[in-house]
A.B. asks: 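Questions regarding the structure given below will be posed in turn.
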Protein chains: 2
Amino acid sequence: MSQKTAKAINDACEIQFVDEKRVKSVRRVMKSAEAITALAETFKILGDPTRVKIAFALSKEELCVCDIANLLKVSQSAVSHSLRTLRQMKLVKFRKEGKIAYYTLDDEHINNLLDVGFRHVEELL
Amino acid sequence: MSQKTAKAINDACEIQFVDEKRVKSVRRVMKSAEAITALAETFKILGDPTRVKIAFALSKEELCVCDIANLLKVSQSAVSHSLRTLRQMKLVKFRKEGKIAYYTLDDEHINNLLDVGFRHVEELL
DNA sequence: TGCATATATGAACAGGCGTTCATATATTAA
DNA sequence: TTAATATATGAACGCCTGTTCATATATGCA
């Protein structure tokens, strides 16, 4: 393995080969380490059938909690818990209109993730 | 929620509102339902710190098992188990040269997934 | 105010999962 | 063949997580 590769990977994962002298780059290293952690977290959250279905549904249209629950035939409670998880990782956002909460995907990146993911799995089926 | 949206979501998730009469589209529905399942599975597999680090490392360079283990400071056994999981979802592939197994990402889609994922998390940090 | 609706949330339980440990397989060299 | 190296794998243990159930909060209507 090349030195360059080791460094690049190390920068991102904050693992082995960290040259303690590179003080100036510590911040970047830290940030990248956080990024890898956040990346895993993001994938993990989308790695649940209920949550990915919710995300897919929201990629089509803004929906309220009870619509999602009815559509997916999942209890209101389960949907609400799932939405909180999605919200915490900034995958969805919502606006409140009276007693109804309307959810949408947080940004276009999520749509992108779903698209790229679909493109991968389509070749498996 | 519009009828159109309900149909689209339903087609993909195979949930509620399925019009049993649409015999001709059953196959597409099934395929999409499988796709959603496979999509969740794919995200789930990348939703583990060790595996996403491995994927990230492999996006930089082809690596053998022991290189990965050393780089990530994870036991050889854990790496091997992780690689098997990644292999089963066709996220990585390998070639064998003597007793050494060299792993790479299976295709460009995976690189894409990592990229898009990074683009999302970078805005969170 | 009282009641129904929409959503959120804490507790708890069951099932799933990643690691470790021990061991098996396979290749290479002596 | 024997020893060493590289990788794979099964079993098992402890942790994590998604759901359910009960309940809380909050809004709207009568």
Side-chain angles (χ1 to χ4, degrees), chain A residues 1 13 15 36-58 61-104, chain B residues 1 13 15 36-58 61-104:
Chain A
M1 176 177 40
C13 303
I15 40 178
I36 277 272
T37 302
L39 186 62
E41 194 63 25
T42 299
F43 284 136
K44 182 194 244 172
I45 286 170
L46 288 175
D48 170 75
T50 300
R51 289 193 296 260
V52 85
K53 281 176 190 174
I54 290 175
F56 177 73
L58 294 179
E61 188 175 327
E62 180 182 59
L63 293 169
C64 69
V65 180
C66 66
D67 271 347
I68 298 171
N70 288 330
L71 193 61
L72 271 59
K73 297 208 172 174
V74 173
S75 76
Q76 175 269 318
S77 180
V79 170
S80 193
H81 279 298
S82 292
L83 284 169
R84 177 164 63 161
T85 306
L86 288 163
R87 235 163 43 217
Q88 285 169 340
M89 206 59 206
K90 291 254 193 295
L91 295 175
V92 306
K93 61 186 174 187
F94 74 107
R95 67 186 176 83
K96 202 130 189 192
E97 198 169 285
K99 58 185 169 188
I100 300 179
Y102 291 100
Y103 280 81
T104 53
Chain B
M1 178 175 42
C13 303
I15 39 179
I36 277 271
T37 302
L39 186 60
E41 194 63 24
T42 299
F43 284 136
K44 181 194 245 173
I45 285 170
L46 288 175
D48 170 76
T50 301
R51 290 193 294 260
V52 84
K53 281 176 189 173
I54 290 175
F56 178 73
L58 294 180
E61 190 175 325
E62 180 182 59
L63 294 168
C64 69
V65 179
C66 67
D67 271 347
I68 297 171
N70 288 330
L71 192 61
L72 271 59
K73 297 209 173 174
V74 172
S75 75
Q76 175 269 320
S77 180
V79 171
S80 193
H81 278 299
S82 292
L83 284 169
R84 177 165 61 161
T85 306
L86 287 163
R87 236 164 42 217
Q88 285 170 339
M89 207 59 208
K90 290 252 193 299
L91 294 175
V92 305
K93 61 185 174 187
F94 74 107
R95 65 186 176 85
K96 204 130 189 191
E97 199 169 284
K99 58 186 169 189
I100 300 179
Y102 291 100
Y103 280 81
T104 54

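Because only heavy atoms are used, hydrogens play no part in the values below, and waters and symmetry mates are left out as well, while side chains stay in. Proteins get letters first, then strands, A, B, ... in listed order; numbering begins at 1 in each.
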A.B. asks: What distance do A/Y103 atom OH and A/I68 atom CD1 have between them, rounded to the nearest 0.5 Å?
C.D. replies: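 Between atom OH of A/Y103 and atom CD1 of A/I68 there are 8.0 Å.
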A.B. asks: For the atom pair CG (B/N70) and CG (B/L63), what is the distance rounded to the nearest 0.5 Å?
C.D. replies: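 With rounding to 0.5 Å, CG (B/N70) is 10.5 Å from CG (B/L63).
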A.B. asks: Can you measure B/D48 atom CG to C/dG16 atom P for me and round it to whole angstrom units?
C.D. replies: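 Answer to the nearest Å: 18 Å.
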A.B. asks: Just the rounded figure in Å: distance from P of C/dT19 to CD1 of B/I68.
C.D. replies: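 In whole Å, C/dT19 P and B/I68 CD1 are 13 Å from each other.
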A.B. asks: Could you state the atom-to-atom distance from CD1 of A/I54 to P of C/dA8 in whole Å?
C.D. replies: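 Nearest whole value for this atom pair: 11 Å.
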A.B. asks: Can you find a heavy atom in the side chain of A/T37 that is under 4.5 Å from one in the side chain of A/E41?
C.D. replies: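 Answer no - side chains too far apart.
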A.B. asks: Can you list, in residue-number order, the parts of residues 81-94 of chain B that come under 4.0 Å of DNA chain D, counting heavy atoms only?
C.D. replies: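 Heavy-atom cutoff 4.0 Å gives B/H81, B/R84, B/R87.
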A.B. asks: With the side chain counted from C-beta on, respond yes when B/S80 and B/R84 share a heavy-atom pair under 4.5 Å apart, and no when they do not.
C.D. replies: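 Not touching, per the 4.5 Å side-chain cut-off.
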A.B. asks: Is there side-chain contact between A/V79 and A/L72, with at least one heavy-atom pair below 4.5 Å?
C.D. replies: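 Result no, sub-4.5 Å side-chain heavy-atom pair not found.
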A.B. asks: If you look at every strand shown and take non-hydrogen atoms under 4.0 Å, does A/Y102 touch a base, only sugar-phosphate, or nothing?
C.D. replies: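 No contact at all - A/Y102 keeps every heavy atom at 4.0 Å or more from the nucleic acid.
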A.B. asks: OP1 or OP2 of C/dA8 less than 4.0 angstrom from a side-chain nitrogen or oxygen of A/Y103, does that happen here?
C.D. replies: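 It does, given that an N or O in the side chain of A/Y103 lies less than 4.0 Å from OP1 or OP2 of C/dA8.
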A.B. asks: If I take atom SG from residue B/C64 and atom NZ from residue B/K96, how far apart are they, to the nearest 0.5 angstrom?
C.D. replies: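 These two atoms lie 11.5 Å from each other.
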A.B. asks: Take the protein atom CG of A/L46 and the nucleotide atom P of D/dT17, then report the distance between them rounded to whole Å.
C.D. replies: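 Rounded to the whole Å, the gap is 15 Å.
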A.B. asks: So, for B/K44 and B/R51, which heavy atoms are closest and what is the spacing to 0.1 Å?
C.D. replies: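 Distance-wise, the nearest heavy atoms are O-NH2, 3.6 Å.
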A.B. asks: Nearest to the side chain of B/A101, heavy atoms from C-beta on, is which of C/dG18, C/dT19, D/dA8?
C.D. replies: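 The listed nucleotide nearest to B/A101's side chain is D/dA8.
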A.B. asks: Can you check the B/R51 CZ to C/dC17 P distance for me, whole Å?
C.D. replies: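 Result: 9 Å.
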A.B. asks: How long is the span from the CG atom in B/L83 to the CD atom in B/Q76, to the nearest 0.5 Å?
C.D. replies: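 Rounded to the nearest 0.5 Å, the CG-CD separation comes out at 9.5 Å.
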A.B. asks: Between CZ of A/F43 and OG1 of B/T42, what distance do you get to the nearest 0.5 Å?
C.D. replies: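 It comes to 10.0 Å.
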A.B. asks: How far does the helix from C/dT1-D/dA30 to C/dA30-D/dT1 bend, going by the axes of its first and last five pairs, to the nearest 10°?
C.D. replies: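 Computed from the C1' atoms at both ends, the axes differ by 20°.
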A.B. asks: When you check the phosphate oxygens OP1 and OP2 of C/dT19, does a side-chain N or O of B/T50 lie under 4.0 Å from one of them?
C.D. replies: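 Indeed, a polar side-chain atom of B/T50 lies that close.
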A.B. asks: Over all heavy atoms of both residues, which pair between B/V52 and B/L46 is shortest? Give the atoms and the distance, please.
C.D. replies: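 Residues B/V52 and B/L46, closest heavy atoms: CB-O, 3.5 Å.
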A.B. asks: Hey, does B/K93 have a side-chain heavy atom less than 4.5 Å from the side chain of B/T104?
C.D. replies: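 They are in side-chain contact.
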A.B. asks: Round to a whole Å and report the spacing from NZ of A/K44 to C1' of C/dG18.
C.D. replies: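 Nearest whole value for this atom pair: 10 Å.
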A.B. asks: Encode nucleotides 22-30 of chain D as B, S and - characters from 5' to 3', where the letter depends on protein heavy atoms closer than 4.0 Å: B to the base, S only to sugar-phosphate, - to neither.
C.D. replies: B----BS--
A.B. asks: Could you pick out which residue, A/E41 or B/S80, lies toward the 5' side of DNA chain D when each is mapped onto its nearest nucleotide?
C.D. replies: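 Looking at the nearest nucleotide for each, B/S80 comes out on the 5' side.
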